[in-house]
**Student:** 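Got a structure for you, questions after.
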Amino acid sequence: MPLLCEVAVPVPLARAFSYEVPPALAASVRPGARVLVEFGRKKVLGVVLATSEGDAPEGVRLKPITAVVDPEPVLPGELLSFLRELSSYYFAPIGEVLRLALPAVEREDVRALEAQGELPGTLSRVKQVGGRKIAYARPTDAVEEPGVLRGQAASALALLRANGEMPIARLEEKFGNARAAVKKLASLGLVVVEEREPPRDAFFARPEPKDEPPALNEAQAAAEARIEGALSEAKPAAFLLFGVTGSGKTEVYLRAIAGCLARGRGAIVMVPEIALTPQLVSRFRARFGDDLAVLHSGLSESDRHAMWKRVRTGAVRVAIGARSAIFAPVTNLGLVLVDEEHDGSFKQEEGVRYHARDMALLRAHRASAVAVLGSATPSLESVQLARQGKLVELRLPDRAHREATLPEVTTVDLRRIGPGPTGNKLVSLPLHRALEKSLAAGEQAILFLNRRGFAPSVVCESCGHVATCLSCSVALTFHRARGGRMRCHYCDWEGPMPAACAECKAPSLALEGLGTERLEETIAEAFPAARVARLDRDVADGAKAEAILAKMRAGEIDVLVGTQMVTKGHDLGNVTLVGVLNADAALSLPDFRASERGFQLLVQVAGRAGRRDRPGRVIIQTRNPAQPAVQFAMRHDVSAFLEHELADRAEVGYPPFSRLSLFRVDALDEDVARRAAGVIAAHAKTSPEGQSRVVEVLGPAAAPLARLRGRYRFRVLLRSKDRRALRAATQVAAAAIPEIDRRVRVVVDMDPVAML
DNA sequence: AGCACGCCGACT
DNA sequence: GTCGGCGTGCTC
């Protein structure tokens, strides 16, 4: 019987394809190995999923595997089977899922294929990385005979001993003759030269001195003991580490990782997208040195590959990164940590829409590893899992530094309290006074406003018409930058500000509302002596944000104005005042999670106020001070909020008391999109689960953002308390997709987070 | 997703 | 008379 194999090919098709394995390749065709196969009439790179003995199924002529690319399978078995499960859970094509986890192809391997006479023109588009290596010189313990070394050799050795090790190229910058000097030192046994693929990454630019693990407080020690216990049993276990801001969660993580490494196992650490800062990485490096791979979006293809390989070979056992770190090929995985587990950025919102927090639980379970989800404001999903006993709750109730007091939180009712001297409604008198006071005391303030730009809308004063995007159903935001332009925050369209209203032609356009750009200006004018800076996506992407936060820490900024980005910076120096300009913006979104997210946001910004020695003050401005999220945030009562919100959710039957799957349907033509959504809904309703009403079919309905990038959007929501039933009905509805008009795009979103 | 095959308009 | 439009159907 011939040997067959299942190959996942990089096409958006749900299933894999069978190929015949030529006897010569039988030994190297193993699950997780990449192979070159003819697919259609082109050659593509696929991944072997499984092999089996058997005959070709009814009347298909199997093609043979052309060549095996990797001498060893690139994907460990544990990771490969995890990816297959992820693919089936999210209704995502296996090829797409594999692409998330696969490293680039090494040039060396491609050359080997070329040498075999397989010169696949199409493969040129595959990511390739070269095996360029860098020579490092490392000093040995040997001691030279006095007087043997002179000049550059002596200086180079001194420098090496001071730094530990250095790339020879770096030495050459200082000593023109470094290469010869190193050669001489090597011949004397004073240094060794090692060729390596270095992590050439900013996070590793300078060595980090080892830290001394601080003593744990009682709660930390108890939490650590529970995690340690689970690690030593080597059985799957999952924890929810519920610790208030500043309670020392990170130290518990560090201990848990150390415990994991001590047992010879590896760890994955996931943090929200914007939390992966040099500060955080420094902390991990201080404990684990270079036994750490930092996976982040700034990595070049070859850096990423180098990191990937170091993890895969076990040279590095701890991988830290944003959601995609869940795919790190850590061998003998013992621990998966998710910090700030409630954060929305763990859900991928395009392509394969996986939730990295959920997948962390899954992967850890399958690997018999320990999962730890940490947060000061846990998601309702996790809280509910804890109540069901599926997560073990560990509490850190106190701030690690006892003397640190919680900030005093007050609200300003925007309906009743008028503007301060600036005349702007969102800079209320109490906020203005508080700013004056903190500036006078030489302290810093943060003003949080969830709106970029200068003015959120451009309104005609004579007819009331609001300027909207031509391809999206949203108002255009006015940005002052570059001479004043209107921009769509959804499709990134940008155009000049017209002289007259598009509707009634009256030349009476007015800017309405307050964005961060205008707030920065308003504050700078009202407080001319203050150094005011702004932090949002318009002024800072990536590294620039870190630079602004660093200035804040250094005390070079008095008032920092910004969006979400200001809520994530830790240790922001001398901040004693935090102003939330408009809490309602986040709390009144048309989403059943708006209250939960708004609350998390309030707690997070409030956490930026106050230092060890000085209590902070938080002012929350809102049109509805009585709403629960605001009230519980004021009292710093996370548990009570969770309680309240859980009761609300139970009543309306939304997660975590049910599960959802969402079909997002869009097309250029409104009717075409609506009809397609109708077809999906009809299919879902005719499924056995739909008919028995075990699964509710809600919709089709126009999406809250009815038009985006010129496409009309509809949704069909499936809801059930029974996850199996939901899955089955989703499957039935998804089966309708191929029959739908090809001009329509349909995506299935399991466990959706962003409902817009 | 590609890439073919396949039937109807403006060009050498 | 052909080159080419993108509709639909398949890829082991």
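Throughout, a chain's letter reflects where its sequence line sits, starting with A, and its residues are numbered from 1. Side chains included, hydrogens not; waters and symmetry mates left out as well; all remaining heavy atoms used.
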**Student:** Over how many whole Å does the gap from A:Ile740 atom CD1 to C:dG9 atom C1' extend?
**Tutor:** 17 Å
**Student:** Looking at A:Arg323 and A:Glu273, is any side-chain nitrogen of the basic one under 4.0 Å from a carboxylate oxygen of the acidic one?
**Tutor:** yes
**Student:** Within this structure, what is the CZ-to-C1' distance between A:Arg41 and C:dC12, rounded to whole angstrom?
**Tutor:** 15 Å
**Student:** Could you work out which one of C:dT8, C:dC12, B:dA1 sits closest to the side chain of A:Arg742?
**Tutor:** C:dT8
**Student:** Within the 4.0 Å heavy-atom criterion, would you say A:Glu38 contacts the bases, only the backbone, or no part of the nucleic acid?
**Tutor:** sugar-phosphate
**Student:** Does NZ or CZ of A:Arg357 lie under 6.0 Å from the centre of the six-membered ring of A:Phe346, at an angle within 45° of the ring axis?
**Tutor:** no
**Student:** Which residue, A:Asp536, A:Thr477, A:Asp538, forms the side-chain hydrogen bond (donor to acceptor under 3.5 Å, both in side chains) with A:Arg452?
**Tutor:** A:Asp538
**Student:** Considering only B:dC3, B:dA1, C:dC12, which nucleotide approaches the side chain of A:Leu13 most closely?
**Tutor:** B:dA1
**Student:** Under 3.5 Å, is there an N or O donor on one side and an acceptor on the other linking the side chain of A:Arg743 and the base of C:dG7?
**Tutor:** no
**Student:** Would you kindly give the NZ-to-C1' distance between A:Lys42 and B:dC3, to the nearest whole Å?
**Tutor:** 8 Å
**Student:** Rounded to the nearest angstrom, tell me the gap between atom CZ in A:Arg745 and atom P in B:dA1.
**Tutor:** 9 Å
**Student:** Once you round it to whole Å, what is the distance between C1' of C:dC12 and CG of A:Leu4?
**Tutor:** 10 Å
**Student:** Roughly how many Å is it from CD1 in A:Ile737 to C1' in B:dA1, rounded to a whole number?
**Tutor:** 15 Å
**Student:** Roughly, in whole Å, what's the span from NZ in A:Lys43 to C1' in B:dG2?
**Tutor:** 17 Å
**Student:** Expressed in angstrom and rounded to an integer, what is the separation of A:Glu96 atom CD from B:dA1 atom P?
**Tutor:** 8 Å
**Student:** Should the ring pair A:Phe327 and A:Phe82 be called parallel, tilted or perpendicular, given that the plane angle runs from 0 to 90° and is split at 30 and 60?
**Tutor:** tilted
**Student:** Determine the contact category for A:Phe39: base if any of its heavy atoms lies under 4.0 Å from a base atom, sugar-phosphate if only primed atoms, P, OP1 or OP2 are that close, otherwise nothing.
**Tutor:** base
